[in-house]
Amino acid sequence: MTLLPARSRGALLLKGPIHGLRLRLLSTTRPSLIALPHADANAHPSTQARLERDGKSLLKLYGQPPVYFSHGQGVWLFDESGRKFLDLNAGIAVNALGHADPDVVKAISEQAAKIVHLSNLYRHEHAGELAEMLLAAVGARGKFEKGGKVFFCNSGTEANEGAFKFARKYGKYIAPSLSQDPTAKYNTISFGNAFHGRTLGSLSATPNKKYQEPFFPLTPGFFNCAYNDIEAAAKLIDERACSVIMEPIQGEGGVHVAKPEFLEFVRKRCDEVGALLIFDEIQAGLSRTGKVFAHHHHPTVTPDIITLAKPLANGIPIGAILVSEHVASIIKPGDHGTTFGGSPLATYVAKTVLQKLTQPAFLEHVTRVGSYFKSKLEVLHAKFPSVIVDVRGSGLMLAMQLEDASAPDRFVELCRERGVLVITAGGQTIRLVPPLILEESDVDIAVEVFESVLSHIRKHPK
């Protein structure tokens with residue numbers, strides 16, 4: 001490790017990995033000045049030129065920091081200067097096995113050397129095997145007692161769009177048996193703080209004005225009520241509903257966990273009015289909460305449709321719609337389709353990933369490390385009650401809600417400049433969705449940085 005003169009007057013910087021390092025300001029005449037190796041001022045010399053070049057050709061839709069990452073290993077990312085960052089984002093809950101997992105690398109290489117893409121005009125060996133694995137993971141219980149079928153696509157929002165289509169067809173199918181008008185049974189109910197995607201149908205189910213208003217009018221037939229509010233749900237879920245979509249644990253909306261009694265009521269109400277219950281498990285599913293599916297924490301509640309994506313192939317684009325047999329029976333050839341979905345490459349890699357994610361020892365690891373991480377966050381909550389409002393979540397899907405509206409963005413920036421990557425969510429929340437291979441020692445590094453940042457925010461609230 002070497003000492004380098006900082007660009008900030010009177011400060012010295014430590015250059016080297018942050019393993020076991022107690023990060024602190026070494027010396028400065030301005031205490032508020034961040035003098036750390038990971039500060040933006042210490043990015044690779046080519047960064048500014050790259051930013052200017054990219055700004056001329058890339059559509060600006062994201063608020064990105066001035067850092068270019070070159071590679072990753074496990075729970076760590078490295079930029080072009082060789083600086084090491086602890087990744088608690090996992091590509092927004094995608095890289096469940098971390099970066100450069102050897103089995104994933106091997107699977108990509110093996111399949112890419114054989115065949116990458118076919119389209120769904122032809123069959124290949126991996127899609128059916130992956131579908132079997134997913135249905136086995138759901139289990140033959142509740143609505144899936146008689147089995148189900150799987151449709152593969154490319155992303156989470158595509159999975160939700162397909163689910164909405166299947167639900168609308170089901171509404172037309174079941175309405176006559178309920179003495180209803182088939183043309184009137186097409187509404188979809190979603191919940192406050194939900195996030196289901198950016199395409200038009202999924203956006204219509206995402207009640208966030210910031211996302212929706214630029215694209216009005218949205219798809220008709222979408223309505224929204226408060227999450228965890230049984231009374232509101234009872235009024236809105238009526239005979240005109242063909243589906244209800246919900247996240248058992250909300251991600252983008254602020255990591256809110258559905259109450260068991262709310263899940264049970266919504267399931268019961270859907271059955272009463274002949275509506276399909278869609279569980280969007282795109283972020284919370286596939287072992288992130290310590291169960292293969294988040295709704296498995298509530299064994300008496302099963303959906304009619306499950307949508308998946310994010311971690312299924314650890315970064316190779318893939319989405320999936322799992323439909324129970326009574327839904328599958330009314331879907332016919334030509335009702336839906338995709339060019340790229342279910343490719344040999346994506347499904348082969350997904351088989352490798354799913355086999356690892358569903359191992360009992362892996363699930364126990366997520367539960368153990370998640371509990372450890374949450375306990376450390378609760379200690380910070382007790383230490384900084386004026387900064388942290390709440391700690392919540394399950395497994396390795398955790399959140400800290402902060403008091404001040406400007407605090408989350410500042411927290412993200414200050415953490416990054418101390419070598420830890422985190423992201424925000426709705427409701428002034430810091431969302432923690434790290435690779436599921438995170439260890440307790442990684443948590444200790446993160447929490448030490450969090451404590452430093454929280455101390456700074458408490459001393460300098462604005």
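Just so you know, residue 1 is the first one in the sequence shown, and it goes up from there. Keep in mind that this is a model prediction, so the values were computed, not measured.
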**Asked** Within a strict 4.5 Å, meaning less than it, do heavy atoms of the Arg269 and Leu236 side chains meet?
**Response** no
**Complete:** Minimal heavy-atom distance between Ala205 and His196, with the atoms involved, is O-CD2, 3.2 Å
**Request:** Flag yes if more than 12 heavy atoms outside Lys374 fall under 6.0 Å of its NZ atom; otherwise flag no.
**Result:** yes
**Asked** Does any donor atom in the side chain of Asp103 or Thr352 lie under 3.5 Å from an acceptor atom in the other side chain?
**Response** no
**Request:** Determine whether Met246 and Leu277 make a side-chain contact, defined as any pair of heavy atoms from C-beta on separated by less than 4.5 Å.
**Result:** yes
**Prompt:** For the residue pair Tyr170 and Tyr173, does the interplanar ring angle fall in the parallel (under 30°), tilted (30 to 60°) or perpendicular (over 60°) class?
**Reply:** tilted
**Asked** Which atom pair, heavy atoms only, marks the closest approach of Ala320 to Ala159?
**Response** O-CB, 3.7 Å
**Prompt:** How long is the span from the NZ atom in Lys383 to the CZ atom in Phe450, to the nearest 0.5 Å?
**Reply:** 14.5 Å
**Request:** Could you tell me whether Glu272 and Lys268 make a salt bridge, using a distance below 4.0 angstrom between a side-chain N and a carboxylate O?
**Result:** yes
**Prompt:** If you round to the nearest 0.5 Å, how far is OG1 of Thr367 from CG of Leu396?
**Reply:** 8.5 Å
**Item:** Donor on one side chain, acceptor on other, Ser406 and Asp404, under 3.5 Å
**Value:** yes
**Request:** Go through Phe164 and Phe222 one step at a time and tell me if the ring pair (Phe, Tyr, Trp, His ring centres under 6.0 Å) criterion holds.
**Result:** CA-CA 10 Å; Phe164 297 147; Phe222 284 82; 5.1 Å; yes
**Message:** Under a plain distance cut-off of 3.5 Å, with no hydrogens placed, do His297 and Thr289 share a side-chain donor-acceptor pair?
**Reply:** yes
**Message:** Does Arg416 qualify as a cation-pi partner of Phe85, given the criterion of NZ or CZ under 6.0 Å from the six-membered ring centre and within 45 degrees of its axis?
**Reply:** no
**Message:** Is the shortest side-chain heavy-atom distance between His38 and Val420 below 4.5 Å?
**Reply:** no
**Asked** What closest approach, in Å, do Val67 and Asp40 show between heavy atoms, and which atom pair accounts for it?
**Response** CG2-OD1, 4.3 Å
**Message:** According to side-chain hydrogen bond (donor to acceptor under 3.5 Å, both in side chains), does anything in residues 126-138 pair up with another residue at least two apart or in another chain? List the pairs.
**Reply:** Gln111-His126, His126-Lys351, Glu129-Lys351
**Prompt:** Hey, what do you get for NZ (Lys185) to OG (Ser243), rounding to the nearest 0.5 Å?
**Reply:** 9.5 Å
**Message:** Checking His256 against Asn228: is there a side-chain donor and acceptor pair closer than 3.5 Å?
**Reply:** no
**Glu231 and Lys235 ion-paired at < 4.0 Å** = yes
**Item:** Selection residues 320-332 - residue pairs positive for side-chain hydrogen bond (donor to acceptor under 3.5 Å, both in side chains), sequence neighbours left out
**Value:** Lys149-Glu325, Asp304-His326, Ser324-His326
**Message:** In the structure I gave you, are the side-chain heavy atoms of Val138 and Phe293 within less than 4.5 Å of one another anywhere?
**Reply:** yes
**Complete:** For Glu161 and Leu200, the nearest pair of non-hydrogen atoms, with its separation, is OE2-N, 3.6 Å
**Item:** Student check: side-chain heavy atoms of Ile92 and Glu252 closer than 4.5 Å
**Value:** no
**Atom pair CG/CZ of Asp335 and Phe151 - distance to nearest 0.5 Å** = 10.5 Å
**Message:** Are Ile331 and Val323 packed together at the side-chain level, in the sense that at least one heavy-atom pair is separated by less than 4.5 angstrom?
**Reply:** no
**Complete:** Nearest heavy-atom contact between Leu77 and Gly72 is CD2-CA, 4.0 Å
**Prompt:** Between the side chains of Gln283 and Arg288, is a donor N or O closer than 3.5 angstrom to an acceptor N or O?
**Reply:** no
**Request:** Determine, stepwise, if the pair Val349 / Val104 fulfils side chain to side chain contact (heavy atoms under 4.5 Å, CB included).
**Result:** CA-CA 6 Å; Val349 175; Val104 173; 4.1 Å; yes
Result block: side-chain N/O donor-acceptor pairs under 3.5 angstrom for residues 311-319, not counting sequence neighbours:
residue, atom, partner, partner atom, Å
Asn314, OD1, Ala96, N, 3.0
Asn314, OD1, Leu97, N, 2.8
Asn314, ND2, Gly98, O, 3.1

**Message:** How long is the straight-line distance from CD1 of Ile305 back to CG of Asp280, given to the nearest 0.5 Å?
**Reply:** 12.0 Å
**Non-hydrogen side-chain atoms of Ile306 and His295 separated by less than 4.5 Å** = yes
**Prompt:** Relative to each other, are the rings of Phe340 and His117 parallel, tilted or perpendicular (30° and 60° limits)?
**Reply:** tilted
**Request:** Would you give the length of the straight line joining atom CG of Leu438 to atom CG of Asp87, rounded to the nearest 0.5 angstrom?
**Result:** 9.5 Å
